[in-house]
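Reviewing the structure listed below.
Below, chain A is the first sequence line, B the second, and so on; all start at residue 1. Worth saying up front: this structure is predicted, and the values here are computed from it rather than measured.
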Amino acid sequence: MSTSTTTTTNLPHHIKPKEVSAESTASTSKLSQKTILHILNTKCTTSLQHLKQAHGVALRSGHFQDHYVAGAIVKCYASQHFSNFGFALKVFDSVWRPNVFVWNIVIKGCLENNEALSCISYYCKMVAMNARPNKFTYSILFKACTLVQAVEEALQIHAHVVKNQFGEDGHIRSAGIQMYASFGLVEEARRMLDEAAESNDVICLNAMIDGYMKCGDVEAAKELFEKHMPSKNVGSWNAMVSGLARCGMLKEARELFDGMSEKDEISWSAMVDGYIKGGCHKEALEIFNEMQKENLLCPGKFILSSVLAACANVGAVDQGKWVHAYIKRNTIQLDAVLGTALLDMYAKCGRLDMAWEVFENIKQKEISTWNAMIGGLAMHGRADDAIELFSKMQRSKLEPNGVTFLNVLNACAHSGFVDKGLNFFSSMKKFYGIEPEVEHYGCMVDMFGRAGQLEEAEQLINSMPIKPNAAVWGALLGACRIHGNVEMGERVGRILLELEPQNSGRYALLSNIYAKAGRWDDVEKVRMLMKERGVKTSPGISMVDIGGMVHEFKVGEGSHPQMKEVYLMLETIIEKLQMEGYSPNSSQVLFDIAEEEKETALQYHSEKLAIAFGVLNTKPGTTIRVTKNLRTCEDCHSAIKIFSKVYERDIIVRDRMRYHHFRNGRCSCKDFW
DNA sequence: ATAGGGTTAG
């Protein structure tokens, strides 16, 4: 029986191995098994054409029956490079009585192609066919169980490991420790580690440190690290540093980090990520700069994408650009993760043009890539473009997810597209089976609210199937402020102060509503309540990126070396603006919208300071980009509008909510913020 | 003759 013919008949027509021409058959069919293997391992890992050809040759020559050859072929097809794992499985099905090696290749293939559940089913088939699993099989399976959180299966598989006497294998053990820790079963993980107490395997110990950290048991991790690890390696320190940092213990993480005699890229990366997770973006950039100074390591894509996230957050567009240039210079592949981080950085730093260019250059776009671009457009008030890009994404047959809809709805909300928004909202469930989450409802409330349909907004809250959170009520309160609805504002404000008694922003918003209506007694009451409850306020901070350095400004703080000049400049500016019709809005000033920054004759909001600094340090006509941690207030907003006209400069302010492009006396948000 | 372990991600 010729097995090669039976094999090909199962294959769908369009993916059959390429027919080999008569002429070449004569020579290629004589290829030895060794040569075929060599071709498979060299040419066929990246070229589908070569692979199909080699596959054909193997089938014709009978070498496909050799497990070395069959295994190599399956492995090549399973490579993510071709993203056609289904075909690899078909080829595997045509292997006659696969041995362990071939089974392991297919099980590993499942893992690498995000089908971890199939790992388990192939393992079952393997056992059913009486093929004996080996130690390689089990470490793959433990990883698969980790990925899909298959606890029951894991326990059974673990029993098989013990029964087959692989319990002593270090690889299996470290995978097992990670697995149990990921299930939250720390004791189980610890038991695995202790079973091999005498082996003192550093990697298993490191995995245990990480496991403790992931389960939040910092003390246990520390004890293991300090008392029971006579020989540590970089990985041990890295596990500690990244664990501490992830648990928010940044100071301790930093101390340990500073004490490391040898740091690798992961050490730096862990520290950068820790700072970012803790909201310390400036520190993240500083530590990256330190890494550059040491000049020993070339930053790779992991740390670069973290750094880009930090740049995005503080608006450090110059440093972001530097990273971009670095990527180009070193021909680092712009994969979906790195590319999306870069795109996001440009969008958040107000450079939509660059964001778009990057977007188009990302070859393997993932859903998050599209989401970032759609979100970027939405943030800048380009609702039509955002919606258009959304349709384009659908045409490219990518399925939107919850985040996609969040961004699209956000775009609608900020441009007053109520009808369109409603359509999207209902289609997400109807056509895509995506259940709206509380954020989506928040967006809808915001949309109705901005458009002045306050009753509809309140109705939606009352009818939503999930419990509204503070953000949802906050959106409504914000709308009450825009439209000056004191009655509803009071009601909603009361709910919010109950729900989040420590959130200063809520008090500020309510007090603003009262101030706008001239109800000064109530303004005072809110202020007293805040004092009584000891609500901590967060200071407004504005950052401006000039010449690759991020400068920070806080209200009433004189730490910046140029502070004197900045205040002088600001006074000149204000005088000039007043001549052009600006009057400082003292009705709003007890708190500004963004809370808590008291305005007195000598205290200016941080964005004004940042702009004055920008004027001092850039040439006339240069665009000034400011990033603020809170929302910008009405007074600053109108001051900046006039400024943009008087000084003939574009100002781009990114506040907590969105972007404001000021030009020639107007703002892109159309005062709709 | 055929293969693996820990620390990083939008």
Side-chain atoms of A:Lys143 come closest, of B:dA1, B:dG10, B:dG5, to B:dG5

Check if the side chain of A:Gln178 and the base of B:dG5 share a donor-acceptor pair of N or O atoms closer than 3.5 Å.
-> no

Assess whether one donor atom and one acceptor atom, taken from the side chain of A:Lys108 and the base of B:dG4, lie less than 3.5 Å apart.
-> no

More than 12 non-hydrogen atoms from neighbouring residues, nucleotides or ligands closer than 6.0 Å to CD on A:Glu360, yes or no?
-> yes

Is there a donor N/O on one and an acceptor N/O on the other, under 3.5 Å, for the side chain of A:Asp169 and the base of B:dG4?
-> yes

Measure from CE on A:Met345 to C1' on B:dA9 and round the result to the nearest Å.
-> 17 Å

Mind calculating the distance between NZ (A:Lys75) and P (B:dA3) to the nearest angstrom?
-> 7 Å

Could you tell me whether A:Lys277 contacts a base, only the sugar-phosphate backbone, or nothing, with contacts defined as non-hydrogen atoms closer than 4.0 Å?
-> sugar-phosphate

Give A:Asn134 one of three labels, base, sugar-phosphate or nothing, depending on what nucleic acid heavy atoms sit under 4.0 Å from its own.
-> base

Between C1' of B:dG5 and CG of A:Asp210, the distance in whole Å = 13 Å

Describe the nucleic acid contact of A:Asp264 in one word from base, sugar-phosphate, nothing, applying a heavy-atom distance below 4.0 Å.
-> nothing

Base, sugar-phosphate, or nothing: which does A:Val234 touch, judged by heavy atoms less than 4.0 Å apart?
-> base

Base, sugar-phosphate alone, or nothing: which one does A:Lys301 contact when heavy atoms must sit under 4.0 Å apart?
-> nothing

Quick note, A:Ile203 side chain, CB onward, closest among B:dG5, B:dT8, B:dG10 is B:dG5

Using a heavy-atom cut-off of under 4.0 Å over every strand shown, decide if A:Gly170 touches base, sugar-phosphate, or nothing.
-> base

A:Leu406 has an atom CG; how far is it from atom C1' of B:dG10, in whole Å?
-> 15 Å

After noting the C-alpha distance and the side-chain angles of A:Trp237 and A:Phe257, does the key distance pass the side-chain contact (heavy atoms from CB on, under 4.5 Å) rule?
-> CA-CA 8 Å; A:Trp237 262 280; A:Phe257 175 82; over 6 Å; no

Round to the nearest Å and state the distance from A:Ile140 atom CD1 to B:dA3 atom C1'.
-> 8 Å

Under a 4.0 Å N-O cut-off, is there an ion pair linking A:Glu187 with A:Arg190?
-> no

Please state how far atom NZ in A:Lys232 lies from atom C1' in B:dT7, giving the value in whole angstrom units.
-> 16 Å

Centroid distance under 5.5 Å and plane angle under 30°, A:His171 vs B:dG5 | no

For A:His67 and A:Val95, what are the C-alpha separation, side-chain angles and deciding distance, and is it a side-chain contact (heavy atoms from CB on, under 4.5 Å)?
-> CA-CA 8 Å; A:His67 287 150; A:Val95 179; 4.2 Å; yes

Is the A:His158 to A:Tyr180 ring centre distance short of 6.0 Å?
-> yes

Heavy atoms under 4.0 Å, any strand shown: does A:Asn104 hit a base, just sugar-phosphate, or nothing?
-> base

Length of the line joining A:Trp370:CH2 and B:dG10:C1', which is rounded to integer Å = 17 Å

Looking across every strand, which nucleic acid part, if any, lies under 4.0 Å from A:Leu37 by heavy atom: base, sugar-phosphate, or nothing?
-> base

Measure from OH on A:Tyr138 to C1' on B:dG4 and round the result to the nearest Å.
-> 16 Å

Heavy atoms under 4.0 Å, any strand shown: does A:Ser236 hit a base, just sugar-phosphate, or nothing?
-> base

Confirm from the modelled atom types if A:Ser139 and B:dG5 form a donor-acceptor pair under 3.5 Å, side chain to base only.
-> no

Does the side-chain ring of A:Phe136 sit on the six-membered ring of the B:dA3 base, less than 5.5 Å centre to centre and under 30° in tilt?
-> yes

A:Lys125 charged N/C atom sitting above A:Tyr122 aromatic ring, 6.0 Å / 45° | yes

Indicate whether OP1 or OP2 belonging to B:dT8 is found under 4.0 Å from a side-chain N or O atom of A:Arg246.
-> yes

So, A:Phe101 and B:dA3: ring centres less than 5.5 Å apart, planes less than 30° off, yes or no?
-> no

Closest listed nucleotide, where the reference is the side chain of A:Ile172 and the choices are B:dT7, B:dG4, B:dT8 = B:dG4

Should we count CD of A:Glu357 as having more than 12 external heavy atoms under 6.0 Å?
-> no

